[in-house]
2 protein chains.
Amino acid sequence: MPPKQPATAAESGASPWDEAAERIRASGFRWTPQRRTLVEVLRAREGHVTATELIACCRERDQTTTPSTVYRTLDLLEDLGLVKHGHGHDGHEEYHILPQQVHGHLYCVGCGATWEIRPETGAVIVEALASQLGFTVDLSHVTISGRCAGCHD
Amino acid sequence: MPPKQPATAAESGASPWDEAAERIRASGFRWTPQRRTLVEVLRAREGHVTATELIACCRERDQTTTPSTVYRTLDLLEDLGLVKHGHGHDGHEEYHILPQQVHGHLYCVGCGATWEIRPETGAVIVEALASQLGFTVDLSHVTISGRCAGCHD
DNA sequence: ATCGCTATTGCAAAGGGTTGCGATAGCAGG
DNA sequence: CCTGCTATCGCAACCCTTTGCAATAGCGAT
């Protein structure tokens, strides 16, 4: 009996990246080797990556990779919703890969660790700004600094 | 009858900047013309400033101002608590002048405006991270992005 | 007033990120 | 398969910020 349906996209091997080429072309853009390289790199990773890391990974696959092209392709992928950019604690670019659940980040100035803000916790923050100011927060863009439980002076 | 006591530091003309030179020297650092220039610029402003603006203002008073010196002096002033740095929505450096009450910032991606997060609102956020994760937030370092009440699609 | 110690400066270079522009190359159509 | 339109590329230049280093100059002591 062959498997009817894969339980999840991950198990089936199918991923949003498979559609990337199609979606790009469907939007009137072109499917180029440079974009292919970046998509392959992104497909192999998850979570967060800095732009610098991505450029390095692309260069492993293609020595001729240029930063400007990577940044421009990332902008395009962001328009398609495949990545989302934000700023780390030091202000550098950071990309969320396949942002299924929006989440923010915490950075501990004591130990340098980072955590994702859990949905429940994020909700409280979003809620507070929404009800008090009518402001709709995009938590994912930001890294909040502070000290974690283990680093209090 | 001479005035007994000024009602506030602001009315008396006294300001934390008056002590800047003293405090710098008391800490074993030197009071240089370059530092004097930056302190004068900061004394004349309030709220937030970008590093680039500060450099421009310093150069108005002293054509020979160098960026690296301004950045280094800002670091020093931050150690003394006279300014506090953070990152704007685009990741660029921003300085809070005389941070008496710690506050974060909101940036609207719709209209580009920024607001300070009021203490009550900030408290909710700080509280949420503290009670749920034991994380002590430094709100002042961050600019949170989103859409304000007037910019909802 | 001079001396010496060393904090500070200015420069130059480097890294991250963005942008304008001429040359290249997708891709739709013939 | 060839052609042409134009999206995309790679380059060079620029802005912001940081850092190493040699030269300068505070400032406390003589």
Side-chain angles (χ1 to χ4, degrees), chain A residues 20-41 48-59 61-80 83-95 112 141 143, chain B residues 20-41 48-59 61-80 83-95 141 143 145:
Chain A
E22 275 179 54
R23 294 189 52 193
I24 285 177
R25 285 218 278 254
S27 308
F29 301 114
R30 293 174 185 170
W31 183 239
T32 66
Q34 295 82 349
R35 288 176 178 176
R36 194 180 208 311
T37 302
L38 179 55
V39 166
E40 279 171 7
V41 166
H48 335 111
V49 214
T50 63
T52 305
E53 282 178 296
L54 287 175
I55 292 170
C57 292
C58 285
R59 221 186 280 275
R61 305 196 179 218
D62 174 1
Q63 293 267 359
T64 71
T65 299
T66 292
S68 57
T69 298
V70 174
Y71 282 109
R72 283 190 279 230
T73 300
L74 284 167
D75 282 350
L76 174 58
L77 295 178
E78 185 158 15
D79 287 343
L80 296 179
V83 301
K84 191 145 184 15
H85 92 282
H87 297 283
H89 68 94
D90 56 357
H92 287 177
E93 296 278 348
E94 241 173 35
Y95 288 85
H141 193 86
T143 296
Chain B
E22 275 179 55
R23 294 188 52 193
I24 285 177
R25 285 218 280 253
S27 307
F29 300 115
R30 294 174 185 169
W31 183 239
T32 67
Q34 295 83 348
R35 289 176 176 175
R36 194 182 208 309
T37 301
L38 179 56
V39 165
E40 280 171 7
V41 166
H48 336 111
V49 216
T50 64
T52 306
E53 283 178 296
L54 287 175
I55 292 169
C57 291
C58 284
R59 222 187 280 274
R61 304 194 180 220
D62 175 2
Q63 293 268 358
T64 72
T65 299
T66 292
S68 57
T69 297
V70 174
Y71 282 107
R72 284 190 281 229
T73 300
L74 284 167
D75 282 351
L76 174 59
L77 295 178
E78 185 160 13
D79 286 344
L80 297 179
V83 300
K84 192 146 184 12
H85 93 282
H87 297 282
H89 67 95
D90 57 358
H92 287 178
E93 296 279 346
E94 242 174 34
Y95 288 85
H141 193 86
T143 295
S145 301

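Below, read A as the first sequence line, B as the second, and so on, with proteins coming before strands; counting in each chain starts at 1.
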Using a 4.0 Å heavy-atom cut-off, does Ser68(A) contact any base of the nucleic acid, only the sugar-phosphate backbone, or nothing at all? base
Judged by atom type as modelled, is there a donor-acceptor pair below 3.5 Å linking the side chain of Arg61(A) to the main-chain atoms of Val41(A)? no
Let me know the distance between CZ of Arg36(B) and P of dT8(C), rounded to the nearest Å. 17 Å
Closest non-hydrogen atom pair between Arg25(A) and Trp31(A), with its separation: NH1-CB, 3.5 Å
Per nearest nucleotide of DNA chain D, the residue lying toward the 5' end, Thr73(A) or Ile55(B), is Thr73(A)
Is there side-chain contact between Asp62(A) and Pro33(A), with at least one heavy-atom pair below 4.5 Å? no
Interatomic distance, Tyr71(A) OH vs dG16(C) P [rounded to whole Å]: 7 Å
Would you mind reading off the distance between Arg59(A) atom CZ and dG15(C) atom C1', rounded to a whole angstrom? 13 Å
Please answer whether the main-chain N or O of His89(B) pairs with a side-chain N or O of His87(A) as donor and acceptor at a distance below 3.5 Å. yes
What integer distance in Å separates Glu78(A):CD from dG17(C):C1'? 15 Å
So does Arg30(B) get a backbone contact from the side chain of Arg35(B), meaning a donor-acceptor N/O pair under 3.5 Å? yes
Protein-nucleotide distance (Arg35(B), atom CZ; dG10(C), atom C1'), rounded to Å: 14 Å
5'-most contact on DNA chain D: Thr69(A) or His92(B), nearest heavy atom basis? Thr69(A)
Ser27(B) and Leu80(B): which non-hydrogen atoms are nearest, and at how many Å? OG-CD2, 3.9 Å
Rounded distance (Å) that lies between atom C1' of dA7(C) and atom CD1 of Ile24(B): 12 Å
Nucleotide nearest Glu93(A) when distance is taken to its side chain, options dT18(C), dT8(C), dG10(C): dT18(C)
Taking only the side-chain nitrogens and oxygens of Thr52(A), find out if one of them lies under 4.0 Å from OP1 or OP2 of dG16(C). yes
Do the non-hydrogen side-chain atoms of Glu78(B) and Lys84(B) ever get within less than 4.5 Å of each other? yes
Is any side-chain heavy atom of Thr69(B) less than 4.5 Å from a side-chain heavy atom of Gln34(B)? yes
Can you classify the ring geometry of His85(A) versus His141(A) as parallel (below 30°), tilted (30 to 60°) or perpendicular (above 60°)? perpendicular
Where does the chain B footprint on DNA chain D start and end, counting 5' to 3' with a 4.0 Å heavy-atom cut-off? dC16(D) to dC27(D)
Mark up nucleotides 21-30 of chain C, 5' to 3', with B wherever a protein heavy atom is under 4.0 angstrom from a base atom, S wherever such an atom reaches only the sugar-phosphate, and - elsewhere. ----BBS---
